[in-house]
Amino acid sequence: MKKKFLAVIMAATMVLGLTACGAKEAAPAADAGAMIKVGIINNDPNESGYRTANDKDLKETFCEANGYEASFAYSLKNDEQITAAQKFIQDGVDYLLLSAADTAGWDSVLKDAQDAGIRVILFDRTIDADPSLYEASIVSDMAKEGQTAVDWLKGQGLSEYNIIHLQGVMGSAAQKGRSGALDDAVAADGWKLVTQQTAEWNAEKAQQIVQSVIDSGDSFNVIYAENDDMAKGAVAALDKANIAHGVGKDVIVMGFDCNKWALEELLAQNWNYDGQCNPFQSSYIDEIIKTLESGGTIAEKTVIMDEKGFDASTITQDDVDSYGI
């Protein structure tokens, strides 16, 4: 079935649409009158390979074949996401699913949703809001992701740590978690941040930042990029300058998300580390909604996705095939 898009554009960077049918096997759809109306607010699917996989997973689950009437809104800006949430509340959705661009600023609109009898479920990212304002949270432990990566980096036993830190969109849960662990290690262990800048998950911006450091002549031996796309951009700058990187080379390269192509870079030992961020949350959300619709209660308000980190020295082809997105 073709995807149907609403004839409403709320902002230049905001897209809303209805999804019809996905690829997953599902029980026969209920009649149209029994459809569960869901408004899903996510970050731009083009943000990264992780986000593309996350959006695809949601669309495959929240479709007409599975008994859902789902509308999607996308933005990397918190204010635009909040506007989308207000629109979904006005439209009378049954559930509001949210992956927030920023952790702050959500209390008021979520209170409006609650007052309207709309249940809110967080996915992918946490927010700084009273837990009573949402039913459940299916998220990655971003702080743990960062700590796992930093612990791995400590374990490399470098004589000195001169780090280019490429941050994601500032204020997002992923940025806060992955930055926080590194900031703590820098303060505690005397590591040096050669530069710490946001490339907003973008490969081209990351390449420009790293190229600027290279041009300055500052010495560095670690690239800590908060997603795979920024790591890819950083490596492009290293390659252009003929700077060796990867296992046993001059510069350690670290990324997050475990895109399949990134894990293949680890397997080839061109990168050193990649932290997993699991994008497949829709089945958990679907189960929660079905439980609530049947009058049941949610046993665990917060579901933390199971994730790990991969080392280029030990990664296998089976890991690439099993965990690459």
Novice: When you check the side-chain N and O atoms of S75 and E80, is any donor under 3.5 Å from an acceptor?
Specialist: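 There is such a pair (donor and acceptor under 3.5 Å, judged by atom type) between the side chains of S75 and E80.
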
Novice: Ignoring hydrogens and angles, state whether a donor on the side chain of E226 or H165 is under 3.5 Å from an acceptor on the partner side chain.
Specialist: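 There is such a pair between these side chains.
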
Novice: Using ring pair (Phe, Tyr, Trp, His ring centres under 6.0 Å) as the criterion, list what pairs up with Y161, not counting sequence neighbours.
Specialist: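 Here the qualifying residues are W191.
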
Novice: Return each pair, listed once, that meets salt bridge (charged side-chain N to carboxylate O under 4.0 Å, His left out) where at least one residue sits in residues 115-138; pairs must be two or more places apart or across chains.
Specialist: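 Output for this query lists E47-R125, R51-D124, K111-D115, R119-E135, D128-K176.
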
Novice: Looking at every heavy atom in both N259 and G49, which two are closest together, and how far apart are they?
Specialist: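 Taking N259 first and G49 second, the nearest heavy atoms are OD1-CA, 3.2 Å.
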
Novice: Test: salt bridge (charged side-chain N to carboxylate O under 4.0 Å, His left out). Region: residues 287-299. Which pairs qualify, not counting sequence neighbours?
Specialist: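 For residues 287-299: D286-K290.
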
Novice: Where is the tightest heavy-atom contact between T198 and G168, given as atom of each residue plus distance?
Specialist: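 Heavy atoms of T198 and G168 come nearest at OG1-O, 2.7 Å.
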
Novice: Do N43 and Y74 have side-chain heavy atoms sitting under 4.5 Å apart?
Specialist: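 No - every pair of side-chain heavy atoms lies 4.5 Å or more apart.
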
Novice: Is the distance between the ring centroids of F123 and Y134 under 6.0 Å?
Specialist: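 No.
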
Novice: Would you call E264 and K260 a salt bridge, taking side-chain N to carboxylate O under 4.0 Å as the test?
Specialist: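 Between K260 and E264 there is no salt bridge, as every charged N stays at least 4.0 Å from the carboxylate O atoms.
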
Novice: Please list, chain by chain and in numerical order, all residues satisfying ring pair (Phe, Tyr, Trp, His ring centres under 6.0 Å) with Y323, sequence neighbours excluded.
Specialist: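 Residues passing ring pair (Phe, Tyr, Trp, His ring centres under 6.0 Å) with Y323: F310.
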
Novice: Looking at residues at least two apart in the chain, or sitting in another chain, which of them share a salt bridge (charged side-chain N to carboxylate O under 4.0 Å, His left out) with K154?
Specialist: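 D189.
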
Novice: Have W261 and D228 got a donor and an acceptor in their side chains that come within less than 3.5 Å?
Specialist: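 There is no such pair between these side chains.
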
Novice: Any idea which heavy atoms bring L58 and I40 closest together, and the distance?
Specialist: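 Taking L58 first and I40 second, the nearest heavy atoms are CD1-CG2, 4.2 Å.
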
Novice: Yes or no on salt bridge (charged side-chain N to carboxylate O under 4.0 Å, His left out) for K205 and E200, after CA distance, side-chain angles and deciding distance?
Specialist: CA-CA 8 Å; K205 291 181 180 179; E200 300 180 328; 2.3 Å; yes

Novice: Taking 4.0 angstrom as the limit, do R178 and D257 come out as a salt bridge?
Specialist: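 Yes, this pair counts.
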
Novice: Which pairs pass salt bridge (charged side-chain N to carboxylate O under 4.0 Å, His left out) with one or both residues in residues 299-318, sequence neighbours excluded?
Specialist: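 Passing the test, one end in residues 299-318: no pairs.
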
Novice: About how many Å separate OG of S137 and CG of L98, when rounded to the nearest 0.5 Å?
Specialist: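 Between L98 CG and S137 OG, I get 9.5 Å after rounding to 0.5 Å.
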
